[in-house]
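Report on the following structure.
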Amino acid sequence: MVQENTGYDVAQNPSLSQKIKHPFFSAQKEEDAYEVTVSLTDELTYEFVQFNIHYNTAETKTIYKGTELRPHTYHFRLPLEDLFNENADVAAKETFSIYFTLRVKENDDWIEQDYPLSLALFDQFDAFGLSQTIYQKQIVIPYFTEKEEIFSLALNVPVPNSQYFSEHTLNVFKLSNSEFSLKGKLSLKAFTLNQIGITLVANRSGKEYFFSTNHTLNEQETETHLNHYDYNFTLDVQRFARNMLIDNIADEDYDVYFELYLNGLYNPISVPVTTNGLSLPRNCFKDVVLSYGKSSFVLGLKLKGSQQAISFAFTKYQKEIYAYYKEAAPLSILRSPLNQRKNIWVIGENPMEANNNGWAFFCYLREQHPEQLVYYVLDTHSPDYAKAYAYDSEHLLEFKSKRYIDTLLAAKVLFFTESPYELYPSRSPMQIDFIRAKKIFLQNNVLGLENVSDTLGYTAKNFQTDLVLASSKTEERYLQQTLGYPEKMIRLTGLPRFDELLKEPDSLEVASNLVIYPHDSSKGLYYQKDAVHELAESFLSLVKQPEFKALVTEHYLTTIVALPRSMQDYAEKFEELGCTVVAQKQIDPLPLLRTCKIFITDHNPLAFDASFLQVPVLFYQPDLRFQRNSTAVSLRNTYLNELPGEIATSQNSLLYLMHQVAAQQFKQSRKNRQKADALMHYPDTKSCDRVFKAVTEYLQ
């Protein structure tokens, strides 16, 4: 075994031998070692030189001479201890890819070149007992890289599901009061399937329900090394609803995942179940109602993202109230002309929240236009309910009450900040048939820091609106050019919460906070759990750094970590590091921003609000292994040179930028101030006035 500090240094000669496939290679785990055997073609004139282990983060490779078992067949043994010897740190994290070196004769020249042990270079692959292992309390996982399909080992590094899972096709989808059933095909790369299950993951509580699924091997392709399986899943919906009743589950959204147990791997891989292009019939979106005693569960189908990931909204009603809604909804169509004359406005964000643009605009209307008949939708279990009730109980609509149903069905205008169906009785897009109100999209935040084309775009399958409010000329362009909205549907008004944001504070805040504010990840995307974990670990690693601690101490800063719902499980870890932890959904962010010296985020849109208050903003965009290129947010591409903050792609560059901000006395740079000004067309406290005027004129 010889180590060279030459990195990958693979010859880039486009030789003929790269196009020739070899017969086969095998990999297996034997005791405390991985063993590899390759059988090479006899169509080449070559000399076998060696095997190589390439370190994917360090510029080194380790050479193994290998053994010739018979003509054109070579073998080598990789002891696990060799991997650890190269990494003195017991918590080392590394990935290793395996190559072999040939000296090939082409024409009259001999060319020495490293070749990856890739599925693409071999006709057949065999895995004899290939499995992950725990050696000296460290975990080694075998996998194939996503693009080049190179056989690799991960040391203490989780492996993205994409390395194993190839594709999924849904052939049959059925949803009724008695069953939820799926039939389709899925494909795995190189590895074989031991067991498959379906897991329903609750968005709010995190509770999981697992169900076994039948599967059969359909085909094994030698050329692509894909293993194709048929699966058949049926869920007794009535029994599941009874379990929810026993567990006392209230309203909840469930994302549907495959749990794939592969031969040789300890833990299953999870991927969302998607329609993947299958056009579902309209009746699949009808509400499924399950009644027990005095309660009714209403199940509504929701599809998320470009892959149309399957999700369900379970809404728990008093039985008599939902029965009342079913009677009142069809009649509301007949009463619509009369109801429209009442000019009722209904506002909401989602049933659990009253702390964003919707709530700001509601408060404005009650104080500045008391003549306007307006109501706010909120669940009695919301942490904001006591605040809202104390403010104006008369105009508060309790979600799922008869008064809420009557008012929503009679409304002329519905203001929303997420998706309009979040405020519908069953939170299902299909209820749009009965709700005749014009839909006004207030937005949660300034758009552009995440890809919302598939969820909020003009052509999105499950999103509809009549009018969109924008905060700047830049956002107007984004709405038209990226999201596809026609100009006549857009009004440049500013966002309602900007009025409070830009208002002079009643008192001078003296606290000095360094705020870390990660974005809340969307559900139903591939590998999202892995990406959330890796991003949380990136922020934890930052807070641990001595240089970070020294800067915070030197400038008397308090580190506040505002965790989104997707990262709540990491609260204790941040607290152990001396951070003050708050939940994003349970705080008013404005006081936090007004006491903020540095605002750090990956791509949370609240960064714009911070920049409008002249707070220095740093966007931390580490290279995440589990961030798919197709869904990755590119801040530079979205806002070009208009982003009012600096971008760091590594921990060192972020720390460097933090020192720069500190050296500038925590003042926003003139360049970023100019960029922030360009993203707020109206730097005043009149946004609510403009929203009211725009909507009034639109209705006329």
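Since we're looking at a predicted model, the values are computed, not measured. Here, residue 1 is the first one in the sequence, and each next residue gets the next number.
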Lys207 charged N/C atom sitting above Tyr209 aromatic ring, 6.0 Å / 45°: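 Relative to the ring axis of Tyr209, which defines the angle, Lys207 lies inside both limits.
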
In the structure I gave you, are the side-chain heavy atoms of [X] and [Y] within less than 4.5 Å of one another anywhere?
X: Pro425; Y: Ile435; result: yes
X: Lys316; Y: Ser295; result: yes
X: Leu606; Y: Thr601; result: no
X: Thr192; Y: Gln220; result: yes
X: Phe361; Y: Ile347; result: yes
X: Thr465; Y: Met489; result: yes
X: Thr95; Y: Thr145; result: no
X: Val159; Y: Tyr164; result: yes

Worked verdict on Lys400 versus Asp251 for salt bridge (Lys or Arg N to Asp or Glu O under 4.0 Å): CA-CA 11 Å; Lys400 299 183 295 187; Asp251 297 354; 2.9 Å; yes

From [atom1] ([X]) to [atom2] ([Y]), nearest 0.5 Å:
X: Asn350; Y: Leu378; atom1: CG; atom2: CG; result: 9.0 Å
X: Lys439; Y: Phe416; atom1: NZ; atom2: CZ; result: 7.5 Å
X: His215; Y: Phe233; atom1: NE2; atom2: CZ; result: 15.0 Å
X: Glu537; Y: Phe539; atom1: CD; atom2: CZ; result: 12.0 Å
X: Tyr424; Y: Thr315; atom1: OH; atom2: OG1; result: 14.0 Å
X: Leu414; Y: Thr407; atom1: CG; atom2: OG1; result: 12.0 Å

Residues Tyr620, Asp602; criterion side-chain contact (heavy atoms from CB on, under 4.5 Å); working and verdict: CA-CA 5 Å; Tyr620 186 31; Asp602 52 337; 5.6 Å; no

side-chain contact (heavy atoms from CB on, under 4.5 Å) assessment of Leu447 paired with Leu483: CA-CA 10 Å; Leu447 298 174; Leu483 300 187; 4.0 Å; yes

Just by distance, do the side chain of [X] and the backbone of [Y] share a donor-acceptor pair under 3.5 Å?
X: Gln443; Y: Leu469; answer: yes
X: Gln318; Y: Lys294; answer: no
X: Asp287; Y: Val289; answer: no
X: Asn357; Y: Asn444; answer: yes
X: Ser212; Y: Gly197; answer: no
X: Glu487; Y: Gln480; answer: no
X: Gln621; Y: Ile647; answer: no
X: Tyr376; Y: Gly358; answer: no
X: Ser178; Y: Ser176; answer: no
X: Ser181; Y: Thr234; answer: no

Pairs flagged by salt bridge (charged side-chain N to carboxylate O under 4.0 Å, His left out) wherever residues 160-188 is involved - sequence neighbours left out: Lys174-Glu179, Lys185-Asp230

Phe180 and its ring-ring contact (aromatic ring centres under 6.0 Å, His included) partner, picked from Phe240, Phe211, Phe173: Phe173

Criterion side-chain contact (heavy atoms from CB on, under 4.5 Å) on Tyr322 and Lys326, from CA distance to verdict: CA-CA 6 Å; Tyr322 189 76; Lys326 296 303 289 183; 3.5 Å; yes

Side chains of [X] and [Y] only: does a donor on one sit below 3.5 Å from an acceptor on the other?
X: Asn356; Y: Thr417; result: no
X: Asp253; Y: Ser311; result: no
X: Ser152; Y: Ser97; result: yes
X: Asn263; Y: Asn194; result: yes
X: Gln132; Y: Tyr143; result: no

Audit row: Phe144, His225, ring pair (Phe, Tyr, Trp, His ring centres under 6.0 Å) steps and yes/no: CA-CA 11 Å; Phe144 291 88; His225 305 281; 8.1 Å; no

Heavy atoms from other residues, nucleotides or ligands near CD of Glu221 exceed 12 (cutoff 6.0 Å): yes

Tyr698 atom OH: more than 12 heavy-atom contacts under 6.0 Å: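 Above 12, so yes.
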
So which heavy atom on [X] is nearest to which on [Y], and how close?
X: Thr274; Y: Leu170; value: O-CB, 3.8 Å
X: Leu479; Y: Ala470; value: CD1-CB, 3.8 Å
X: Pro622; Y: Ser538; value: CG-OG, 3.9 Å
X: Phe415; Y: Val413; value: CE1-CG1, 3.3 Å
X: Phe258; Y: Pro272; value: CD1-O, 4.4 Å
X: Glu259; Y: Pro268; value: OE1-CG, 3.4 Å

So, do [X] and [Y] have ring centers that fall under 6.0 Å from each other?
X: Tyr325; Y: Tyr317; answer: no
X: Phe399; Y: Tyr404; answer: yes
X: Tyr231; Y: His168; answer: yes

Mutual orientation of the aromatic rings belonging to His519 and His603 [parallel < 30°, tilted 30-60°, perpendicular > 60°]: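 Correct class here is tilted.
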
From CA spacing to verdict: side-chain contact (heavy atoms from CB on, under 4.5 Å), Leu535, Met567: CA-CA 9 Å; Leu535 181 61; Met567 289 188 184; 3.5 Å; yes

Set of side-chain contact (heavy atoms from CB on, under 4.5 Å) partners for Lys412, sequence neighbours left out: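 With sequence neighbours excluded, Lys412 shows a side-chain contact (heavy atoms from CB on, under 4.5 Å) to Gln340, Asn343, Leu699, given in chain and number order.
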
side-chain hydrogen bond (donor to acceptor under 3.5 Å, both in side chains) against Glu252, all qualifying residues, sequence neighbours excluded: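 Testing Glu252 for side-chain hydrogen bond (donor to acceptor under 3.5 Å, both in side chains), a comparison that skips the adjacent residues, returns Ser205.
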
